Engineer: 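One structure, pasted below without further comment.
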Amino acid sequence: MKKSILKTLLILSTLLAVACNKDNVEVAGGIYHFSSASYAFGVQESEEWFEVPIIATLPHNEARNIGIEVVAAESSAIEGVHFSLESYTIQLKADKEACALRIKGNPEKFEVGEILSLKLRLAVDESFIDNDTAGECEIILQRCCPFDINRFEGYAVLTSTWCMQYMGADSRLVHATVEHDNNIVIIEDMFYDGYDIRVKLDSSDRLNPIATLTDTQILGPTGEAFGTIYGDGKILITEAKEYASENMDLSGYVSFYSMCEGFMMLYTVMYVDGIGEIGLFGNILEWISDDEAERIMREGF
């Protein structure tokens, strides 16, 4: 009889434990979740903290602790090397709707231009929120160098489809100066002597730095490019994404630059006013040292 009672109690306690664990997972999954399934952060300084919001979807009248798990098997970023968490337990205060996990990256451990990811998972009351996408979040970490307009001053190698098509060479050596107050790079004699091209740099989004021609500018004379005069004799160059082409949608051709790698990619449209569009051209500028520039001037490409 005693053995039977103990067996019954054991079964009941097991069922109760399973039920409690199930309730914890369901309650945790219903109350807490990451505010987004993914976040991307540009890592510039080792002491810069980024915040990942965690949201409470149901009211609560007492403080609750939310555990954080790093899912190493689904992460390319290594904890303690590429990133650190401020804490593995975040407190959601009573009657508050949100709290935030804080994370920082270590730019010295990233290769130039390297992009890594990590997977985070919420754990509440020591019950992991498995099979619940709201309880997981992917963090993208990308190394970004602090903005410095001086990075784009000096000699650069221009490789352009315009050069290939109309100038008989893949690349040419150019020189650039900068306007510090306006974040403008002036590419001197970019394609033809006497015709500088001005580009403005926008660093407001460190993960998506934008380079844009300041306006429609004169690329050079039609006579020099084509051997004859068309229209008013001026070839114009403008930003591709802002040009209403009759042949294709150019809105996706956004010019950009890389501070870490010291290059600029310009998508441009060349045309002659009153005559028509010549075409879409890609132009890559890669800044080089004075020594390398002298070698190119001496030996060629």
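Below, all heavy atoms of this structure are taken into account, side chains as well, without hydrogens, waters or symmetry copies. Just so you know, these numbers come straight off a predicted model, no measurement behind them.
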Engineer: Please tell me whether V81 and L118 are part of a single hydrophobic cluster in this structure, the criterion being side-chain heavy atoms less than 4.5 Å apart.
Structural biologist: no

Engineer: Compare all side-chain heavy atoms of T216 with those of E242 and state whether any distance is below 4.5 angstrom.
Structural biologist: no

Engineer: Start with the C-alpha distance between K104 and E47, add both sets of side-chain angles, then the distance that settles salt bridge (Lys or Arg N to Asp or Glu O under 4.0 Å), and finish with yes or no.
Structural biologist: CA-CA 7 Å; K104 66 179 180 180; E47 294 305 317; 3.2 Å; yes

Engineer: Look only at the side chain of R102 and the backbone of E86, and say whether a donor-acceptor pair between them is shorter than 3.5 Å.
Structural biologist: no

Engineer: Using a 4.5 Å cut-off between side-chain heavy atoms of Ile, Leu, Val, Met, Phe, Trp and Tyr, which other residues end up in the same hydrophobic cluster as M297?
Structural biologist: Y155, V157, L173, I288, I296, F301

Engineer: Are I54 and I68 packed together at the side-chain level, in the sense that at least one heavy-atom pair is separated by less than 4.5 angstrom?
Structural biologist: yes

Engineer: Tell me, do D202 and T212 make a side-chain contact under 4.5 Å, heavy atoms counted?
Structural biologist: no

Engineer: Would a distance-only check, ignoring hydrogens and angles, find a side-chain to backbone donor-acceptor pair under 3.5 Å from E188 to I186?
Structural biologist: no

Engineer: Hey, is the main chain of I140 close enough, under 3.5 Å, to the side chain of S117 for a donor-acceptor pair?
Structural biologist: no

Engineer: Is there a chain of hydrophobic side chains (I, L, V, M, F, W, Y, each step under 4.5 Å between heavy atoms) that links I218 to I197?
Structural biologist: yes

Engineer: Would you indicate whether the side-chain heavy atoms of I149 and E179 approach each other to under 4.5 Å?
Structural biologist: no

Engineer: Rounded to the nearest 0.5 Å, what's the gap from OG on S75 to NE2 on H82? Could you check?
Structural biologist: 11.5 Å

Engineer: May I ask you to check whether over 12 heavy atoms, not counting those of Y253, lie within 6.0 Å of atom OH?
Structural biologist: no

Engineer: I'd like to check E153 versus V185 (side-chain heavy atoms, cut-off strictly below 4.5 Å). Are they in contact?
Structural biologist: no

Engineer: Let's go through F34 and Y39 carefully: what are the C-alpha distance in whole Å and the side-chain angles of both, what is the deciding distance for ring pair (Phe, Tyr, Trp, His ring centres under 6.0 Å) to 0.1 Å, and is it a yes or a no?
Structural biologist: CA-CA 10 Å; F34 287 106; Y39 283 90; 8.1 Å; no

Engineer: How are the rings of Y267 and F256 set relative to one another: parallel (under 30°), tilted (30 to 60°) or perpendicular (over 60°)?
Structural biologist: tilted

Engineer: Less than 4.5 Å apart, any side-chain heavy atom of I139 and any of F50?
Structural biologist: no

Engineer: Do we see a donor-acceptor contact under 3.5 Å between the side chains of H175 and D189?
Structural biologist: no

Engineer: For atom CD of E97, is the number of surrounding heavy atoms from other residues, nucleotides or ligands below 6.0 Å larger than 12?
Structural biologist: no

Engineer: Decide yes or no on side-chain contact (heavy atoms from CB on, under 4.5 Å) for V70 and L120, but give the supporting numbers first.
Structural biologist: CA-CA 5 Å; V70 177; L120 298 177; 3.8 Å; yes

Engineer: Report yes if the SG atoms of C260 and C145 are separated by under 2.5 Å, and no otherwise.
Structural biologist: yes

Engineer: With a sphere of 6.0 Å drawn around CD of E299, does it hold more than 12 non-hydrogen atoms of other residues, nucleotides or ligands?
Structural biologist: yes

Engineer: Is L236 reachable from L250 through a run of I, L, V, M, F, W or Y residues, each pair having side-chain heavy atoms under 4.5 Å apart?
Structural biologist: yes

Engineer: Please work out whether the ring planes of Y230 and F226 are parallel, tilted or perpendicular, with thresholds of 30° and 60°.
Structural biologist: perpendicular

Engineer: State yes or no: do Y192 and L158 share one hydrophobic cluster built from I, L, V, M, F, W and Y residues joined by side-chain heavy-atom distances below 4.5 Å, directly or via other members?
Structural biologist: yes

Engineer: Tell me whether T161 contacts the main-chain N or O of G282 through its side chain, where contact means a donor paired with an acceptor under 3.5 Å.
Structural biologist: yes

Engineer: Nearest 0.5 Å, what's the CE-CZ distance between M259 and F147?
Structural biologist: 4.5 Å

Engineer: Enumerate the disulfide bond (SG atoms under 2.5 Å apart) contacts for residues 52-120, please, sequence neighbours excluded, ordered by first and then second residue.
Structural biologist: none

Engineer: Test side-chain contact (heavy atoms from CB on, under 4.5 Å) on F281 and Y166; report intermediate values, then the result.
Structural biologist: CA-CA 11 Å; F281 297 88; Y166 295 107; 3.8 Å; yes

Engineer: Does any N or O in the side chain of Q142 come within less than 3.5 Å of the main-chain N or O of I115, such that one atom is a donor and the other an acceptor?
Structural biologist: no

Engineer: I210, I237: one ILVMFWY side-chain cluster at the under-4.5 Å cut-off?
Structural biologist: no

Engineer: Nearest 0.5 Å please: distance from the CD1 atom of I90 over to the CG atom of N65.
Structural biologist: 9.5 Å

Engineer: Measure the CG-CD1 distance between L141 and I103 for me, rounded to the nearest 0.5 Å.
Structural biologist: 5.5 Å

Engineer: Step through the shown structure and confirm whether more than 12 heavy atoms of other residues, nucleotides or ligands are within 6.0 Å of CD1 on I229.
Structural biologist: no

Engineer: Return the OG to NZ distance between S38 and K119, rounded to the nearest 0.5 Å.
Structural biologist: 10.5 Å

Engineer: Going by salt bridge (charged side-chain N to carboxylate O under 4.0 Å, His left out), name the residues that satisfy it together with E246, two or more places apart in sequence or in a different chain.
Structural biologist: none

Engineer: Does the side chain of N183 come under 3.5 Å of the side chain of S203 through a donor N or O and an acceptor N or O?
Structural biologist: no

Engineer: Are the side chains of Y257 and R151 in contact, using a 4.5 Å heavy-atom criterion?
Structural biologist: no

Engineer: Distance only, no hydrogens: is a donor on one side chain within 3.5 Å (strictly under) of an acceptor on the other, for S289 and D291?
Structural biologist: no

Engineer: Between R143 and N106 (side chain of the first, backbone of the second, donor and acceptor by atom type, cut-off under 3.5 Å), is there such a pair?
Structural biologist: no

Engineer: Could you label the plane-to-plane angle of the Y243 and Y271 rings as parallel, tilted or perpendicular, counting under 30° as parallel and over 60° as perpendicular?
Structural biologist: tilted

Engineer: Decide whether S46 and E108 meet the rule of one side-chain donor and one side-chain acceptor closer than 3.5 Å.
Structural biologist: no

Engineer: Check V43, L207, D205 against C144 for a side-chain contact (heavy atoms from CB on, under 4.5 Å) and give me the one that passes.
Structural biologist: L207

Engineer: Mind checking the CG-NZ spacing from L219 to K234? Nearest 0.5 Å is all I need.
Structural biologist: 13.0 Å

Engineer: Could you tell me whether a side-chain N or O of N283 sits under 3.5 Å from a main-chain N or O of L266, the two making a donor and an acceptor?
Structural biologist: yes

Engineer: Is the closest side-chain heavy-atom distance between W287 and M264 below 4.5 Å?
Structural biologist: yes

Engineer: Check the surroundings of atom NZ in K200: do more than 12 heavy atoms from other residues, nucleotides or ligands lie under 6.0 Å from it?
Structural biologist: yes

Engineer: Run the side-chain contact (heavy atoms from CB on, under 4.5 Å) check on S245 and L280 step by step: do they pass?
Structural biologist: CA-CA 9 Å; S245 173; L280 169 70; over 6 Å; no

